[in-house]
Asks: 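Encoded as C-alpha cells, here's the structure I'll be asking about.
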Amino acid sequence: MAVVEEDAAPAAAASASDPTAGSSDNEITVEEASFVHTEPPQDGSAPPVVSSAMEVLHDKVKKQVIKEGHGKKPLKFATCFVHYRAWVQGSSHKFEDTWQEQHPIELVLGKEKKEMSGLGIGVVNMKSGERALLHVGWELGYGKEGSFSFPNVPPMADLVYEVELIGFDDVKEGKARSDMTVEERIAAADRRKIEGNEYFKEKKLEEAMQQYEMAIAYMGDDFMFQLFGKYRDMALAVKNPCHLNMAACLIKLNRFDEAIVQCSIVLSEDESNVKALFRRGKAKSELGQTESAREDFLKAKKYSPEDKEIHRELRLLAEQDKALYQKQKELYKGLFGPRPEVKPKKANFLVVFWQWLVSLIRHLVRMFKRKNE
C-alpha cells in the first residue's frame with residue numbers, strides 16, 4: 001500500500017503518474033488549512049540565536065542562514081510562498097507569525113508592499129527551503145511613522161525576521177493568485193503536485209513536502225469556499241492527493257501527529273477515503289493509540305475488504321494486543337508472586353484430648369440412662 005497519490009488530473013492541466021498506487025504508508029496526497037513545515041521551527045517567543053556569518057544584502061538588510069536551501073534563487077516578479085515571524089529589534093515584541101496562523105503569505109517580488117520591501121530583498125536572495133534571519137532597517141520596514149493598526153509596529157523600528165522560503169513559481173511572472181482564473185490556479189497547483197511526486201520518487205521528502213505545500217497554497221480556504229460543481233471536484237482532485245502525499249512523507253519522517261492532521265483534512269471532505277483512513281491508522285498505531293488505529297483500519301476494510309495491507313495492519317495490532325497481555329500477566333505474577341499452598345494445620349494435643357474426654361463422658365451418660373430405664 002505504498003504510494004504517491006495521483007487522482008484524476010484537472011481538466012486544465014496535464015496529469016502525470018505517481019511513483020506508486022494504493023492506500024499505504026508510502027502513498028502520498030494536502031489543504032490550505034494546515035501547513036506542515038519541513039523542519040519545525042523554534043517556539044518563536046524570541047528571535048532564534050544564530051551563529052552563522054552575517055551577509056550584507058543591502059545597507060539596510062543583512063542575512064544569517066539558519067538552514068541551507070536548494071536549487072536556484074527566485075527572479076524578479078516570481079511568486080514566492082513564505083513563512084515568517086517578525087519582531088521589533090531589541091525587544092520581545094513579536095507582531096506577526098504566519099506559522100502560528102498556519103498560513104504562508106504570497107509575495108510577488110518587485111511588487112511587494114512598501115513595508116515589506118526589506119523582506120523582499122531578503123527573499124530574492126534565498127533558495128527554496130532556506131530559512132534565514134533577516135535584520136531590516138526601519139527605512140525598509142514600517143518607516144518613520146510605524147503602524148498603529150495591524151500589525152502594531154512603533155515608529156522608526158528596526159525589524160528582525162525569521163523567514164522560510166517554501167518555494168516560488170516563475171511560470172506566471174508577476175501574477176498573484178488573486179489575479180489567476182480558477183483553471184490557472186488549479187493547473188499551477190497540479191504542476192507543484194507532480195514536481196513533489198518526482199521528489200518523492202527520489203526519496204527527497206523535504207523537497208517533496210515543499211512542493212505539496214505550495215500546491216495547497218494555490219487553493220486556500222477562501223478560494224475553495226467559492227467553488228462548486230465541476231470546479232470544486234477539479235480542485236479536490238489535486239488538493240486531497242497532496243494532503244495524503246504529505247501524510248506519507250510525515251510518516252516516513254516519524255512526524256505522526258502531523259500526519260494525522262493531514263489525513264483528517266481529507267476525511268473531512270471524504271469520510272470513506274481508504275488511503276486517508278489507512279494512513280491515519282498507521283500514524284495512530286505508531287503513537288500507541290491502538291484502539292483508535294483499529295477503528296480506522298476497520299473502516300478502511302469496510303470500503304476495501306480485499307486490501308492485504310489493511311489486513312496485515314489489523315493482524316499486527318492483534319499480535320501487539322496479545323504480546324501486551326502476556327507482558328502484563330508476567331508483570332502481575334512478578335508483583336504478587338505465586339499463590340501460597342494451603343497447608344493443613346497441626347492439631348493441638350490438649351484440644352484433641354478435651355474433645356475425646358467430652359465425647360467419652362457423653363457416651364457414659366447415655367449408657368447409664370439406658371441401664372436405669
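Index from 1, following the sequence. Hydrogens, waters and symmetry mates play no part in the numbers below; they use all other heavy atoms, side chains included.
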Asks: I'd like to know if Asp296 pairs up with Lys284 as an ion pair, taking the criterion as any Lys NZ or Arg NE/NH1/NH2 lying under 4.0 Å from an Asp or Glu carboxylate oxygen.
Replies: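 Salt bridge: yes.
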
Asks: Taking the side chain as every heavy atom from C-beta outward, state whether Tyr212 and Met214 have any pair of such atoms under 4.5 Å apart.
Replies: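 Counting from C-beta outward, Tyr212 and Met214 never come under 4.5 Å.
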
Asks: Find out whether Pro47 and Val160 are in side-chain contact, i.e. whether some heavy atom of one side chain is under 4.5 Å from a heavy atom of the other.
Replies: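 Of all side-chain heavy-atom pairs linking Val160 with Pro47, at least one is under 4.5 Å.
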
Asks: To the nearest 0.5 Å, tell me how far Ile105 CD1 sits from Leu119 CG.
Replies: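 If I round to the nearest 0.5 Å, the distance is 5.5 Å.
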
Asks: Which value, rounded to the nearest 0.5 Å, describes the distance between Arg192 atom CZ and Gln211 atom CD?
Replies: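 Those atoms lie 4.5 Å apart.
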
Asks: Considering only heavy atoms from C-beta outward, does the side chain of Phe200 approach that of Cys249 to under 4.5 Å?
Replies: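 Of all side-chain heavy-atom pairs linking Cys249 with Phe200, at least one is under 4.5 Å.
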
Asks: Are Trp138 and Val136 joined in one hydrophobic group, where the rule is that I, L, V, M, F, W and Y side chains link up if heavy atoms are under 4.5 Å apart?
Replies: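 No; Val136 is not reachable from Trp138 via cluster members.
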
Asks: What pairs with Tyr142 under ring pair (Phe, Tyr, Trp, His ring centres under 6.0 Å), at least two apart in sequence or on another chain?
Replies: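 Once residues adjacent in sequence are excluded, the partners of Tyr142 under the ring pair (Phe, Tyr, Trp, His ring centres under 6.0 Å) criterion are Phe95.
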
Asks: Grab the two heavy atoms, one from Gly141 and one from Leu159, that are nearest each other, plus how far apart they are.
Replies: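 Closest approach of Gly141 to Leu159: CA-CD1, 3.9 Å.
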
Asks: With rounding to the nearest 0.5 Å, note down the distance linking OG in Ser272 to CG in Leu277.
Replies: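 Nearest 0.5 Å value for the OG-CG distance: 8.0 Å.
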
Asks: Working to the nearest 0.5 angstrom, can you tell me the gap between Leu227 CG and Lys239 NZ?
Replies: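 One gets 10.0 Å once the value is rounded to the nearest 0.5 Å.
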
Asks: Same cluster or not: are Val163 and Leu133 linked, directly or through other Ile, Leu, Val, Met, Phe, Trp or Tyr residues, by side-chain heavy atoms under 4.5 angstrom apart?
Replies: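 Shared cluster, no.
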
Asks: Are the side chain of His93 and the backbone N or O of Asn152 linked by a donor-acceptor pair below 3.5 Å?
Replies: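 Such a contact is found between His93 side chain and Asn152 backbone.
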
Asks: Are Arg315 and Glu319 within salt-bridge range, i.e. N to O under 4.0 Å?
Replies: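 Here Arg315 does not pair with Glu319 in a salt bridge, since their nearest N and O are not under 4.0 Å apart.
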
Asks: Same cluster for Met209 and Phe168 if Ile/Leu/Val/Met/Phe/Trp/Tyr side chains link at under 4.5 Å?
Replies: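 Each belongs to a different hydrophobic cluster.
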
Asks: Within the side chain of His135, is there an N or O that forms a donor-acceptor pair under 3.5 Å with the backbone of Gln64?
Replies: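 Judged by distance alone, no pair lies under 3.5 Å.
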
Asks: Would you check if the side chain of Ser117 reaches a backbone N or O of Lys114 as a donor-acceptor pair within less than 3.5 Å?
Replies: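 It does hold such a pair.
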
Asks: Mind listing the closest non-hydrogen atom pair of Leu75 and Leu109 along with its distance?
Replies: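 Leu75 and Leu109 have their closest heavy atoms at O-CD1, 3.7 Å.
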
Asks: Quick one: are Asn273 and Leu267 in side-chain contact, heavy atoms under 4.5 Å?
Replies: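 Side-chain contact under 4.5 Å: yes.
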
Asks: Is there a side chain to side chain contact (heavy atoms under 4.5 Å, CB included) between Glu162 and Arg131 once you walk through the steps?
Replies: CA-CA 7 Å; Glu162 181 185 2; Arg131 187 178 299 131; 3.5 Å; yes

Asks: Check whether more than 12 heavy atoms from other residues, nucleotides or ligands sit under 6.0 Å from atom CD of Glu271, and answer yes or no.
Replies: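 At most 12 heavy atoms, drawn from other residues, nucleotides or ligands, come within 6.0 Å of this atom.
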
Asks: Grab the two heavy atoms, one from Lys63 and one from Ala132, that are nearest each other, plus how far apart they are.
Replies: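 Minimum heavy-atom separation between Lys63 and Ala132: CG-CB, 3.7 Å.
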
Asks: How close do Lys301 and Leu314 get, heavy atom to heavy atom, and via which atoms?
Replies: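 Distance-wise, the nearest heavy atoms are CD-CD1, 3.9 Å.
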
Asks: Going by atom types only, do Glu96 and Tyr84 share a side-chain donor-acceptor pair under 3.5 Å?
Replies: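 Distance-only check passes for Glu96 and Tyr84.
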
Asks: Test side chain to side chain contact (heavy atoms under 4.5 Å, CB included) on Leu250 and Gln262; report intermediate values, then the result.
Replies: CA-CA 9 Å; Leu250 290 166; Gln262 297 302 314; 3.9 Å; yes

Asks: Would you find a donor on one side and an acceptor on the other, under 3.5 Å apart, between the side chain of Glu184 and the backbone of Thr181?
Replies: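 Yes.
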
Asks: Start with the C-alpha distance between Gln226 and Tyr231, add both sets of side-chain angles, then the distance that settles side chain to side chain donor-acceptor pair (under 3.5 Å), and finish with yes or no.
Replies: CA-CA 10 Å; Gln226 302 173 46; Tyr231 287 114; over 6 Å; no

Asks: Is Trp99 reachable from Val123 through a run of hydrophobic residues whose side-chain heavy atoms are each under 4.5 Å from the next?
Replies: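 No: no chain of side-chain contacts under 4.5 Å links Val123 to Trp99.
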
Asks: Using 0.5 Å steps for rounding, measure from the CZ atom of Arg191 to the OH atom of Tyr218.
Replies: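 Here the rounded value is 7.0 Å.
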
Asks: Side chains of Phe297 and Phe278: does their closest heavy-atom pair fall under 4.5 Å?
Replies: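 Yes, at least one pair of side-chain atoms sits under 4.5 Å.
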
Asks: Hey, are Glu269 and Arg232 close enough for a salt bridge, meaning a charged N less than 4.0 Å from a carboxylate O?
Replies: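 Yes, this pair counts.
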
Asks: In the single-linkage hydrophobic clustering (I, L, V, M, F, W, Y; side-chain heavy atoms under 4.5 Å), do Val153 and Val61 co-cluster?
Replies: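 As far as the 4.5 Å side-chain criterion goes, Val61 and Val153 are connected within one cluster.
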
Asks: Could you tell me whether the side chain of Lys94 reaches within less than 4.5 Å of the side chain of Val88, counting heavy atoms only?
Replies: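 Val88 does not reach Lys94 side chain to side chain.
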
Asks: For residues Cys263 and Ala247, report the shortest heavy-atom separation together with the two atoms involved.
Replies: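 Scanning both residues completely, I find the closest heavy atoms to be SG-CB, 3.7 Å.
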
Asks: So, His70 versus Gln210: side-chain donor-acceptor pair below 3.5 Å or not?
Replies: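 A donor-acceptor contact under 3.5 Å links the two side chains.
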
Asks: Give the intermediate values and the outcome of side chain to side chain contact (heavy atoms under 4.5 Å, CB included) for residues Glu198 and Lys201.
Replies: CA-CA 5 Å; Glu198 292 302 317; Lys201 290 178 186 177; 3.3 Å; yes

Asks: Any carboxylate oxygen within less than 4.0 angstrom of a Lys/Arg side-chain nitrogen, looking at Glu130 and Lys67?
Replies: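 Salt bridge flag = no for Lys67 with Glu130.
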
Asks: Restricting to ring pair (Phe, Tyr, Trp, His ring centres under 6.0 Å), what partner residues turn up for Tyr199, sequence neighbours left out?
Replies: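 For Tyr199, no residue satisfies ring pair (Phe, Tyr, Trp, His ring centres under 6.0 Å) once neighbours in sequence are set aside.
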
Asks: In Å, rounded to the nearest 0.5 Å, how long is the span from CG of Leu134 to NZ of Lys62?
Replies: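 Going from CG on Leu134 over to NZ on Lys62, the span is 11.5 Å.
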
Asks: So, Ser292 side chain and Gln289 main chain: donor-acceptor pair closer than 3.5 Å or not?
Replies: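 Not confirmed, Ser292 side chain does not pair with Gln289 backbone.
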
Asks: Taking the side chain as everything from C-beta on, heavy atoms only, tell me whether Ile66 gets closer than 4.5 Å to Ser52.
Replies: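 Not touching, per the 4.5 Å side-chain cut-off.
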
Asks: Looking only at heavy atoms, what is the nearest atom pair of Asp257 and Leu287, with distance?
Replies: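 Reported closest heavy-atom pair: OD1-CD1, 3.2 Å.
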
Asks: Would you please name every residue forming a salt bridge (charged side-chain N to carboxylate O under 4.0 Å, His left out) with Arg312, sequence neighbours left out?
Replies: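 Scan of Arg312 (salt bridge (charged side-chain N to carboxylate O under 4.0 Å, His left out), adjacent residues dropped) gives none.
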
Asks: Kindly indicate whether the side chain of Leu107, heavy atoms from C-beta on, has any atom under 4.5 Å from the side chain of Met116.
Replies: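 They are in side-chain contact.
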
Asks: Quick one: does any side-chain atom of Ser285 pair with a main-chain N or O of Gly281 as donor and acceptor, under 3.5 Å?
Replies: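 No; judged by distance alone, with no hydrogens or angles, the pair does not exist.
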
Asks: May I have the step-by-step check of side chain to side chain contact (heavy atoms under 4.5 Å, CB included) for Arg255 and Glu258, ending in yes or no?
Replies: CA-CA 6 Å; Arg255 290 162 59 181; Glu258 294 171 85; 2.8 Å; yes

Asks: Check salt bridge (charged side-chain N to carboxylate O under 4.0 Å, His left out) between Glu68 and all other residues, then give those that pass, not counting sequence neighbours.
Replies: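 In terms of salt bridge (charged side-chain N to carboxylate O under 4.0 Å, His left out), with neighbours along the sequence ignored, Glu68 is linked to no residue.
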
Asks: For Lys204, what residues pass the salt bridge (charged side-chain N to carboxylate O under 4.0 Å, His left out) criterion, not counting sequence neighbours?
Replies: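 Per chain and number, Lys204 pairs via salt bridge (charged side-chain N to carboxylate O under 4.0 Å, His left out) with Glu202.
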
Asks: Could you list the residues that satisfy salt bridge (charged side-chain N to carboxylate O under 4.0 Å, His left out) with Glu291, not counting sequence neighbours?
Replies: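 Result, salt bridge (charged side-chain N to carboxylate O under 4.0 Å, His left out) vs Glu291: Arg294.
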
Asks: Kindly confirm or rule out a cation-pi arrangement of Arg185 over Phe223, judged by NZ or CZ under 6.0 Å from the six-membered ring centre and within 45° of its axis?
Replies: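 Judged by the rule (NZ or CZ under 6.0 Å from the ring centre, within 45° of its axis), Arg185 counts as positioned above Phe223.
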
